[in-house]
Amino acid sequence: MRLDVRKTYKLFIGGAFPRSESGRSYELLDAKGNFLANPALASRKDLRDAVVAARNASEKWATASAFNRSQILYRVAEVMEGRREQFAAEIMAQEGLTKAQSLKQVDEAIDLWVWYAGWCDKISTIYGSTNPVSGSFYNFTTPEPLGVVAVFISENKSLTDVVHGIAPVLAGGNVVIAIAAEDYPLSAITLAEVIATSDVPAGTVNILTGKSAELAPWVASHMDIDGVDGSGLDAANYEALKREGADNLKRIQRFKSVENPQRVLSFMEHKTVWHPIGI
Amino acid sequence: MKFEYAPAPESTAIVDIKPEYELFIDGKFVASKSGKKFETINPANEKVLSRVTQASAADVDRAVKAATEAYRKTWSKLSGAQRGKYLFRIARILQERAREFAVLESMDNGKPIRETRDTDIPLAAAHFFYHAGWADKLDYAGLGDNPKPHGVVGQIIPWNFPMLMLAWKVAPALATGNTVVLKPAETTPLTALLFAEVCQQADLPKGVVNILTGDGLTGAAIVNHPGINKIAFTGSTEVGKIIAKSVAGTKKALTLELGGKGANIIFEDAPIDETVEGIINGIYFNQGHVCCAGSRLLVQENIKDELLEKLKRRMSLIRVGDPLDKNTDLGAINSAAQLMKIREMAESGDAEGAERWSPQCNLPEKGFWFPPTFFTGVSQAHRIAREEIFGPVLSVITFRTPSEAIEKANNTPYGLSAGIWTDKGSRILWSAQQLKAGVIWANTFNKFDPASPFGGYKESGWGREGGRHGLAAYLKGDFS
């Protein structure tokens, strides 16, 4: 019998896969209570490193053409497709679902990614406007990327919720620091491996595994984070996040696990430009 | 050359200011249980205009109950088309009584009649007219079919555009089916109280709009009342953060329009005379009491001297004085407290080594006045380059390259407005893309319209007001 070559699940920061600088990991058990992996237990320093990587990547992603971003995100879906078996195996192990159920979730997650990818170059058309102001002015409003967005992944579905968390924020031209659900880190890190090989520029997506409740106060107080999706936090941690995050008026929102363009728009800023009309 | 004008004061006979005002709750004026009153004065002559009521927490509770009843029993039962008709009525009454509102606003606020007559009041009416038409088209607001209002909205507005800010808040709230508890600013309550009369004339169902006068304590009682479903606040970033923290553990929605330190960027190829007018309008409009004022002048180094010479010449023509004089350009500072703040900030500019310039002008003896002023030799680190002054004080900073201009413009925690002056179209669009600000005026400044979304990036606030985007903030989506 051949012994499996197991994978070490590490963090994803700035395009690399480091262990936590703290040297910490946590024991992850499968749905039946058997040992599954020792994913990294991310620290405050890892978060700060991820913010630096994200900020450095921000301008390139925000100023890439919407069509280009859309193609890159579609490429992620293509590469996901090639990893269906691995994603399904991890869903089975983490959630205790059957193989058929797991494959169904993989299909759903890939299709959802494609759905969000398509929003990149439609969001301004649908949610921007030209505004008929009084007087001789041309006036238009466009949604623009917010900047660095931290996402607490919710934990209903191990892979689908990672897609709900990351893809819409990217589609809006933002860079992401995702904090995986504590019980479902494997899907997030395998998706990181897909992202790392899909032309997504390094630092555009960063993924931390560990304890959301431990990282939430550091996310809240970090002054270089512009927005937070708090879907994966419980009520008490979400409330604290909103309170502490008010120090730099972070845009903080949480969502139901439904596909909705508001997930893209919630992390965009509407900019209105005026110019006189005349000869 | 200086033109002399005879005084041309607008008559105050059109306004009928009562010696005292009660609170407007559930469709009528009622006395506060606290019985406390405070004076509101004319900042141009320090004369007492009236005594208004300090609403207590118990009064806030009464108003929220009235608004809740009105929401349940009448306002949410009406079709959008019917709601819209009430807004159209209000818009028309504001137009009919426009001069009365303009004079009253000038008296209570200190701003020139030219501005209240030509900007504040017509725009306030326009906001009601614009939003009236939305009331039966909410399915197109961008949140899917049949979006729901929040319920009772608490609205707290500032003293710089009292009636216009009321319209910005009340019109979209009513159009979307919410009911309102509104608090005007402590120093400028009178036009809001006159608006209560307009609601009565329009036969607006009782309790749909409730108006509570008072200070920050009244505001805090509104923010913290459990019966309020959404807060809309316009004011300082400092207070905005306090409000954000206090609603953090609740289900209350929140929009904030906060401070700014707008950069007005002048490139070397700017049309110089139009630019000078734009700078004047950017910082001396409304005594500089404008959150989106162009309070930092970023001028390309090689045209600085020429521009400042022209600016000085133009500034010496600014007429400072009686707000009710139709020739007045710059009126009174709104309050003694604000005047102190402006003086303190200007003194910090002197102390930190910037150079102050103001034209020769004779300020009235009574009232609160500050001459139009600019500082040169300002560095990014100076307080007058970083902090909002909220007065007629401009900080002049130079740059050499477009990218340096953008970097300096964005080097602030604020992100409300910016100006761009250049003859080159591609540079306008490039600059507009780079600037982290919610409103960009290119070759113009300080223009407002109900159809145009207004609001800030970063610490200048949450959400937009005006246009479809502003409307949507008064509706609930089903995604969160």
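Numbered from 1 within each chain, the chains take letters A, B, ... in sequence-line order.
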Worksheet entry | Check: A/N139/B/S452 side-chain N/O donor and acceptor closer than 3.5 Å | yes
Worksheet item: Which answer fits A/S134, side chain, backbone, both or neither, if we ask what part of it has an atom under 4.5 Å from a heavy atom of chain B?
Response: both
Worksheet, complete the sentence: NZ (B/K436) and CG (A/L146) are apart, to the nearest 0.5 Å, by 8.0 Å
Worksheet, complete the sentence: Listed by number, the residues in residues 263-278 of chain A that come under 4.5 Å of chain B (heavy atom to heavy atom) are A/S266, A/E269, A/H270, A/K271, A/T272, A/V273, A/W274, A/H275, A/P276
Worksheet item: How many angstroms lie between OH in B/Y457 and CG in A/D226, if you round to the nearest 0.5 Å?
Response: 11.0 Å
Worksheet entry | Proximity breakdown for A/E244 and chain B, heavy-atom pairs closer than 4.5 Å | both
Worksheet item: Does B/K245 come within less than 4.0 Å of A/D247, counting only side-chain N to carboxylate O?
Response: yes
Response to the item:
OH of A/Y127 to NE2 of B/H469, rounded to nearest 0.5 Å, is 10.0 Å
Worksheet, complete the sentence: By residue number, those in residues 249-257 of chain A with heavy atoms under 4.5 Å from heavy atoms of chain B are A/L249, A/K250, A/R251, A/Q253, A/R254, A/F255, A/K256
Practice prompt. Measure from the side-chain N and O atoms of A/N260 to the backbone N and O of B/F479, and report whether any donor-acceptor pair falls under 3.5 Å.
Written response: no
Worksheet item: Is a side-chain N or O of A/R243 found less than 3.5 angstrom from the main chain of B/A244, in a donor-acceptor match?
Response: no
Fill in: For the student: nearest non-hydrogen atoms of B/K241 and A/A246, plus distance
CG-O, 3.4 Å
Discussion item. Sub-4.5 Å heavy-atom contacts with chain B: which residues of residues 148-157 of chain A show up?
Written reply: none
Worksheet item: What part of B/P453 is in contact with chain A, defined as an atom under 4.5 angstrom from a non-hydrogen atom: side chain, backbone, both or neither?
Response: both
Worksheet item: Of the backbone (N, CA, C, O) and the side chain (C-beta and beyond), which part of B/F445 lies under 4.5 Å from a heavy atom of chain A, both, or neither?
Response: neither
Fill in: salt bridge (charged side-chain N to carboxylate O under 4.0 Å, His left out): pairs with one or both residues in residues 163-176 of chain A, sequence neighbours excluded
none
Discussion item. Between A/F137 and chain B, with a heavy-atom cut-off of 4.5 Å, which part of the residue counts as in contact: side chain, backbone, both or neither?
Written reply: side chain
